[in-house]
Every structure is written in structure tokens, then in C-alpha cells.
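Every number for a ligand or one of its atoms is a count from 1 in the order of the listing. Throughout, residue positions are numbered sequentially from 1 according to the sequence presented.
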Amino acid sequence: MGYSDIYAKWQADPEGFWMDAAGAIDWVRKPSRALNDSRAPLYEWFTDGMVNTCWNAVDRHVQAGRGDQPAIIHDSPVTGTKTVITYADLQDRVSRLAGALKAKGVTKGDRVIIYMPMVPQALEAMLACARLGAIHSVVFGGFAAAELAVRIDDCKPRAIIAASCGVEPSRVVHYKPLLDGAIDMAHHKPEFCVILQREHEMAQLTEGRDLDWHSLQHGAEPADCVPVEGNHPAYILYTSGTTGAPKGVVRPTAGHLVALQWTMRAIYNCGVGDVFWAASDVGWVVGHSYICYAPLIAGCTTIVFEGKPVGTPDAGTFWRVLEEHKVKSFFTAPTALRAIKRDDPTGALIKDYDTSTLQALFLAGERADPDTVDWAGQHLKVPVIDHWWQTETGYAIAANPLGLGLVPIKIGSPAVAMPGYDVRVLDEGGHEVAPGTLGAIAIKLPLPPGTLPTLWNAEERFVKSYLSHFPGYYETGDAGYVDAKGYLYIMARTDDVINVAGHRLSTGAMEEVLAGHRDVAECAVIGVADALKGQSPLGFLCLNKGVDRAPADVVAECVQLMRDKIGPVADFKRAVVVDRLPKTRSGKILRATMVSIADGKAWKMPATIDDPAILDEIRVALQGLGLAKA
Ligand code: COA
Ligand code: AMP
């Protein structure tokens with residue numbers, strides 16, 4: 001059956017569709033029904049099933065005789081190491097770590113924060129939590145201590161598992177001082193921390209709180225998989241929201257298993273024994289779903305790549321990994337390809353490698369620009385498949401499903417809605433718009449299995465952020481349109497989220513940081529177009545009356561402040577001091593107009609503007625930064 005038939009099958013009987021898909025998962029107790037709508041518009045899936053994620057990702061493959069198959073290949077050009085971990089090894093490592101955590105009191109429902117770079121131990125820590133029914137929350141290494149502290153206070157972990165350091169091409173990232181700083185800042189204190197000492201840096205352990213990864217596990221009794229209810233939270237992953245406070249997206253266990261297993265064949269056309277590579281980071285949703293869980297649930301070999309698309313050592317590193325590990329499906333962000341294309345525009349380095357095992361390249365995380373898609377397709381000679389999803393959904397809302405037979409590729413579109421998703425484009429009043437008309441992209445409730453049922457400890461915020469604006473729908477926060485053939489086009493965000501190098505960031509959160517500078521009276525942050533990273537943040541600062549310091553000094557302090565408060569991942573390097581910000585008569589800052597001016601795009605004078613002359617001042621300031629070119 002092709003895509004249209006499968007989608008129609010789902011439409012005709014959504015519950016039957018997902019019950020069938022649930023057959024590919026090992027259950028301790030099979031669910032009696034798929035959808036639980038008893039609290040609509042809050043929905044759950046497979047509520048009364050009993051299941052364990054780690055069993056499905058690890059043990060069942062060993063039981064099926066695949067213990068010798070590589071489960072994880074860690075390929076780390078930044079440390080010059082490669083490690084292969086078979087499914088049998090993984091079972092041994094994970095059950096021992098889980099046993100050690102259990103001996104320290106970690107039990108079902110406890111939260112555990114994981115703050116680690118791209119090392120296999122990060123996946124082992126995630127799986128050990130899953131084995132015990134503990135709820136992990138992985139925090140990306142590029143966040144500052146303050147961001148880690150916010151997450152500690154929100155999810156109140158019993159334990160934190162961290163590495164001594166991360167290795168970036170330009171520097172060693174000292175995780176341990178960041179961790180110590182975060183714990184100092186946070187009101188909640190974890191009972192203990194487990195520290196993986198890496199060769200590049202031996203961290204100082206805090207007596208009575210920190211335990212060495214290896215010593216902790218010495219002599220530990222391996223732990224068995226603990227069955228959990230279908231709606232038990234598998235993990236919490238924080239993502240940027242419309243205010244400074246990150247949203248704790250909850251991932252429900254059973255739906256996550258069922259949906260990810262389904263996507264591995266239907267979308268990525270991968271199964272037992274295939275090598276799958278997502279070049280992302282475990283700190284992001286792509287890393288959760290497609291570095292750790294989905295490939296392992298499906299019995300594939302997953303690659304954990306600790307490097308960058310360029311500079312580790314060169315723009316051929318991705319192609320080397322494809323050849324060396326015989327990758328079948330590869331997933332990355334368009335920004336990574338743009339970085340490669342910039343260093344190797346003719347694709348000369350691709351020719352040095354045999355990438356013939358590759359069947360397709362998948363892109364997500366930001367809009368896939370046609371130039372990059374064309375370039376990749378031309379040089380790799382495989383279909384380049386854009387697909388669209390979010391932390392909240394955990395897997396693709398729209399894609400071109402390779403395993404079901406591709407629908408014709410239309411460059412610029414992440415193709416068509418996947419089964420489970422009834423995608424509609426709405427106007428402000430919540431009415432569906434005609435094909436080709438821009439609107440807010442919404443998904444008719446219920447969302448499919450595996451998607452967020454709520455936000456951690458914030459049900460009201462969940463309802464307000466996602467379900468209130470368009471009753472009966474989930475609001476994606478993206479704007480775009482559908483064409484006459486049902487292809488989706490994702491054009492922009494409707495909120496303050498910007499996308500920098502495939503990383504989702506909130507300009508609101510950045511404004512909160514700038515407003516905290518003692519000389520800043522008022523500020524705005526916008527995302528301006530960036531040829532490499534898609535968008536790049538830019539700050540506007542109005543200083544307090546009487547401040548007569550050099551603007552460059554204030555800017556430098558603000559750049560440092562952002563690094564200290566949000567982290568290097570914010571990539572906040574530019575700000576400009578201006579006298580006034582352009583506003584509407586009711587006092588709203590005209591950020592969208594500022595973006596258009598910065599990007600040199602056509603724009604209309606907003607009818608509600610208070611003082612049009614300010615826009616000229618903004619244009620001049622932007623031109624000083626080399627922006628606002630007509
Ligand atoms: N831990 C600590 N710091 C990190 C980090 C991590 N895991 N990841 C990135 N950083 C730091 C970088 O060192 C850099 O710091 P700097 O300002 O001191 O140089 C900063 O955060 C910005 O990093 P990055 O966005 O990676 O920019 P870059 O210029 O180093 O590299 C790209 C540019 C395009 C090569 C890179 O962004 C990239 O590979 N992007 C792909 C992103 C991706 O896969 N996203 C997942 C979505 S699917
Ligand atoms: P994240 O939650 O970090 O995965 O970011 C999700 C957001 O990234 C989406 O809401 C979109 O704004 C953007 N995004 C992800 N994938 C795509 C895509 N294929 N095309 C356009 N935008 C995308």
C-alpha cells in the first residue's frame with residue numbers, strides 16, 4: 001500500500017491503525033484500547049498497557065539472537081576515537097548502570113537530569129532511566145548554568161548524570177563547573193550526581209554528593225526492566241516557549257514506542273540490521289528520537305557522532321562516516337549542509353568516499369532551502385527528503401515516507417501529512433483557508449500517539465499555549481500553507497521563536513536577559529536572515545538616561561551576559577544601541593518590521609506606528625552592521 005492508501009486507512013479507523021502498529025512492540029500487558037479520550041481535549045494513548053522502553057530498545061534484540069549486532073557506533077573525530085557497542089554489551093552496560101542507580105534509591109517516577117555530550121554513555125543513561133521507569137531530562141551541553149538551574153528547579157531530579165567535559169573543536173567545555181554552578185543556583189538539590197570522567201578533563205568531585213560513573217557501578221547488581229503504564233512519562237525535554245521559562249514537553253511511554261517503531265519503516269525505510277545516522281545531539285528532540293530511541297527500538301545500528309560537519313577535520317567528515325559505517329538512512333539539519341557547501345562548494349570531497357549504501361538524506365529542524373536541497377541531491381545522488389516536526393510531536397508531522405513509496409518530491413515543501421496528523425491551515429478566526437493561502441498551521445485533535453499529552457507540572461500552560469487559540473486543534477506555532485495537492489509549506493513562526501543553526505531559541509528569553517543589564521532601559525531581539533545558520537539573533541538596546549558609556553562596551557557586556565545566562569548555543573554576537581524602538585501607538589514593539597528592514601525585504605509602514613521616523617534610525621543602525629541592504 002502506498003502513502004495515500006495508508007493515510008486513508010488511518011483516517012477511516014485511527015484507533016485500529018494504531019492498535020495494529022502497537023503489534024510491533026513487546027508489551028508486558030497489551031492495551032485494551034488505543035485512545036483514551038476521557039479527559040478531552042487532553043488525550044492519552046494505550047493508557048492501560050504495561051510496557052518498558054528499555055526492553056523494546058535493547059533486551060528484546062538480545063533475546064531474538066541479535067546480541068552480537070552493533071547497537072551503537074560512537075564515532076568521535078574530536079577525540080580521535082571510535083567504539084562499537086553490541087546489543088549484548090548495551091544490555092550489560094545499561095542493566096548495570098540501572099542497578100547502580102536503583103541501589104542509590106532511584107525508582108519509577110523519579111526524575112534524573114542527564115547533562116552529557118555526544119558519548120554513548122548519554123544513551124546508556126537514558127536507557128538506564130527507562131529501564132527503571134525513571135523520567136530523564138536531557139539538557140543540551142551548549143546551555144549555561146542558569147538554564148540548567150531552571151530545569152533542575154522545574155523537574156526536581158533525584159539525581160544528575162553528567163560528564164566532566166564536552167569537546168568542541170575550539171575548546172573543552174567544562175561541564176562540571178557549569179553543573180556545580182547550576183546546583184548552587186537552584187533551590188532544589190539533587191541527592192547525588194554521577195560524573196563520567198573523560199580523558200580530556202578530570203573533574204573535581206564534590207565529596208558526599210558526586211560519584212564516579214565507574215565506581216558507582218562497581219559490583220552493582222544488574223536491574224531488570226520495570227513495567228510502566230502506557231501513559232507513564234518516558235522523559236521531559238525542555239524547549240523554548242513564548243516566554244523566558246522553557247516548556248517541559250512530556251513524552252508518554254507507550255505512544256512513543258509505537259509511533260517511533262512505525263516511523264522507522266514507514267518514513268526512513270530502516271529495520272533490523274540497518275545502519276541509521278542522525279547527526280544531531282542527544283540534547284535535542286532529534287537526538288532523543290533518532291539517535292537513541294527509534295533506531296534501537298527498530299533493531300538498527302545507531303551512530304553517535306561527536307563532531308561537526310566542518311572542521312573535524314574537514315567538510316568530508318560526514319561522507320567518511322557514511323562510507324565507513326555503511327549508513328542506509330541519514331538525517332541532518334540543512335544548516336550543516338550549508339556549512340559543508342560553503343567549504344566544499346563543488347562537492348569534491350564527496351567523490352572521495354563511497355556513499356553507495358545511502359538510500360536517502362532526511363532534513364529537518366528548519367526550512368530546507370532549495371539551493372541546499374539541490375546541492376545535496378546532485379552530489380549524493382539520492383532523494384533529499386525534507387520533513388517537518390517539533391519537540392512537542394517527537395516525530396514527523398509531515399514527511400515524504402520512503403518506506404511507503406515516495407510521493408513526488410516538491411522542493412521547498414516537507415511534503416504531506418503523516419498518518420495520525422490531520423493538518424489544517426486556519427485564519428485568525430479559526431476558519432480553514434483555501435489552498436495556497438497563508439495561515440496558522442494547526443492539527444485537529446487528538447494528536448497521535450507519542451506526542452505531548454501535557455507540559456511537566458504545567459497543564460494550564462499546556463492548554464493555554466497549544467489548545468486555547470483554536471478550540472479543537474493543537475496550535476503548532478508555525479505559519480504556512482497547503483497547496484492543492486495537500487503538500488505543506490512551512491514559512492515562519494507565529495510566536496517569538498527563532499531558529500539558529502537548527503536550534504530553537506526564544507527571542508523573549510533573550511530580551512529578559514538583556515533587560516537584566518543595569519544600563520539597559522528597553523530592548524528588543526529579532527532573528528535576522530543568516531546564510532549559514534538560517535537566522536541569527538540581533539539585539540537592540542536603549543540605554544537608561546544618563547548612561548554615557550561607550551555603546552560598544554555595553555554591547556560587549558550584553559553578549560557576555562547572554563553567554564552566561566543562556567549559553568553559547570544562543571549564538572548571540574550582535575547588538576546595537578539605539579535611542580528609541582519603533583512601536584505601535586499601543587506600545588507594541590514592531591519586531592516584524594525591523595526584521596524586514598534588516599533582511600532588506602519590502603515592507604509596509606504599519607498603520608498603527610507611533611513615530612515613523614524611528615524606523616529610519618533603525619535602518620541606519622542596521623546599515624552600520626552591514627544589514628538592511630535594499
Ligand atoms: N556543548 C557546548 N557548547 C556547544 C555545543 C555543545 N554541545 N554545541 C555548540 N556549542 C557552542 C559552540 O562551541 C559555539 O560556541 P562559540 O560561540 O564559542 O563558538 C556555539 O555553541 C554555537 O555553536 P553552533 O551553533 O554549533 O555554531 P558553530 O559556528 O560552531 O557551527 C554549524 C555551525 C552549522 C556547523 C553547526 O551549528 C551545526 O552543525 N549545526 C547543526 C545543528 C543540528 O544538527 N541541529 C539539530 C537539529 S536537527
Ligand atoms: P524543535 O522543536 O527544536 O524541533 O523546532 C521545531 C520548529 O523548527 C518547528 O516548529 C519549525 O518552526 C521548525 N522546523 C522544523 N522542521 C522544519 C522543516 N522541515 N521546515 C521548516 N521548519 C521546520
Before signing off on this row, confirm whether [X] and ligand 2 have an N or O atom pair separated by under 3.5 Å.
X      : result
Thr476 : no
Arg504 : yes
Thr391 : yes

[X] heavy atoms, cut-off 4.0 Å: which ligand 1 atoms fall inside?
X      : value
Phe140 : 5 (C), 6 (C), 7 (N), 8 (N)
Ala279 : 44 (O)
Pro309 : 35 (C), 39 (O)
Gly141 : 1 (N), 2 (C), 6 (C)
Lys573 : 17 (O)
Val173 : 2 (C)
Val569 : 21 (O)
Pro568 : 11 (C), 15 (O), 20 (C), 21 (O), 22 (C)

**OP:** Using non-hydrogen atoms of the residue, decide whether Gly477 is closer than 4.0 angstrom to ligand 2.
**Re:**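 It does not, in that no heavy atom of Gly477 comes within the 4.0 Å cut-off of ligand 2.
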Quick one: look up the protein heavy atom nearest [atom] and list residue, atom name and how far away it is.
atom                    : result
atom 16 (N) of ligand 2 : Gly365 N, 3.1 Å
atom 6 (C) of ligand 2  : Trp389 O, 3.5 Å
atom 18 (C) of ligand 2 : Glu366 O, 3.3 Å
atom 10 (N) of ligand 1 : Glu168 OE1, 3.4 Å
atom 3 (N) of ligand 1  : Gly142 CA, 3.6 Å
atom 47 (C) of ligand 1 : Gly502 O, 3.6 Å
atom 42 (C) of ligand 1 : Ala501 O, 3.2 Å
atom 14 (C) of ligand 1 : Arg171 NH2, 4.0 Å
atom 12 (O) of ligand 2 : Asp478 OD1, 2.6 Å
atom 41 (C) of ligand 1 : Thr335 CG2, 3.6 Å
atom 18 (O) of ligand 1 : Arg563 NH2, 2.8 Å
atom 27 (O) of ligand 1 : Lys533 NZ, 2.9 Å

Which part of [X] is near ligand 2, with near meaning a heavy atom under 4.0 Å away: side chain, backbone, both or neither?
X      : result
Asn499 : side chain
His387 : backbone
Trp284 : neither

Does [X] reach the side chain of [Y], with side-chain heavy atoms less than 4.5 Å apart?
X      : Y      : answer
Thr332 : Leu363 : yes
Asp154 : Trp456 : yes
Val167 : Arg198 : yes
Pro435 : Val482 : no

**OP:** Answer yes or no: are there more than 12 heavy-atom neighbours, outside Gln204 itself, under 6.0 Å from its atom CD?
**Re:** no
Subject >> Other residues, nucleotides, ligands: >12 heavy atoms within 6.0 Å of Lys328 NZ >> reply: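 Yes, NZ of Lys328 has more than 12 neighbouring heavy atoms, counting only those of other groups under 6.0 Å.
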**OP:** Give a yes/no verdict on a cation-pi contact between Arg251 and Tyr293, requiring under 6.0 Å between NZ or CZ and the six-membered ring centre and an angle within 45° of the axis.
**Re:**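 So Arg251 doesn't make the cation-pi contact.
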**OP:** Would you name the heavy atoms of Phe276 and Pro295 that are closest together and state the gap between them?
**Re:**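 Scanning both residues completely, I find the closest heavy atoms to be CD2-CG, 3.9 Å.
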Which of the atoms of ligand 2 are close to [X], meaning less than 4.0 Å from one of its heavy atoms?
X      : answer
Gln390 : 2 (O), 4 (O), 6 (C), 10 (O)
Ile490 : 21 (C), 22 (N)
Asp386 : 18 (C), 19 (N)

**OP:** Under the ring pair (Phe, Tyr, Trp, His ring centres under 6.0 Å) rule, what do Tyr395 and Tyr421 come out as? Steps first, then yes or no, please.
**Re:** CA-CA 11 Å; Tyr395 58 100; Tyr421 293 100; 5.8 Å; yes
Can you find a side-chain donor-acceptor pair between [X] and [Y] that sits under 3.5 Å?
X      : Y      : value
Tyr353 : Arg320 : no
Asp374 : Gln378 : no
Glu392 : Thr451 : no

Is [X] salt-bridged to [Y], going by a charged N under 4.0 Å from an acidic O?
X      : Y      : result
Arg367 : Asp369 : no
Lys176 : Glu201 : no
Arg591 : Asp496 : no

Original post:
Side chain or backbone of Val286 under 4.0 Å from ligand 1, or both, or neither, by non-hydrogen atoms?
Top reply: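 For Val286, only side-chain atoms sit under 4.0 Å from ligand 1.
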**OP:** Nearest heavy atom to atom 25 (O) of ligand 1 wins, so pick from Met118, His503, Glu366, His174.
**Re:**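 Residue with the shortest heavy-atom distance to the ligand atom: His503.
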Original post:
Got a protein heavy atom sitting under 4.0 Å from atom 20 (C) of ligand 1?
Top reply: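 It does: a protein heavy atom is found less than 4.0 Å away from atom 20 (C) of ligand 1.
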Subject >> Heavy-atom protein neighbour under 4.0 angstrom from atom 36 (C) of ligand 1 >> reply: no
Subject >> Test ring pair (Phe, Tyr, Trp, His ring centres under 6.0 Å) applied to Trp277 and Phe331, Tyr290, Phe305, the passing residue >> reply: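 Among the candidates, only Phe305 passes.
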**OP:** Begin from the C-alpha positions of Phe330 and Phe318 and carry the test ring pair (Phe, Tyr, Trp, His ring centres under 6.0 Å) through to its verdict.
**Re:** CA-CA 10 Å; Phe330 176 39; Phe318 273 13; 5.3 Å; yes
Subject >> N/O separation below 3.5 Å, Lys308 to ligand 1 >> reply: yes
**OP:** Starting from the C-alpha separation in whole Å, work towards a yes-or-no answer on ring pair (Phe, Tyr, Trp, His ring centres under 6.0 Å) for Tyr268 and His387.
**Re:** CA-CA 11 Å; Tyr268 303 102; His387 57 334; 5.6 Å; yes
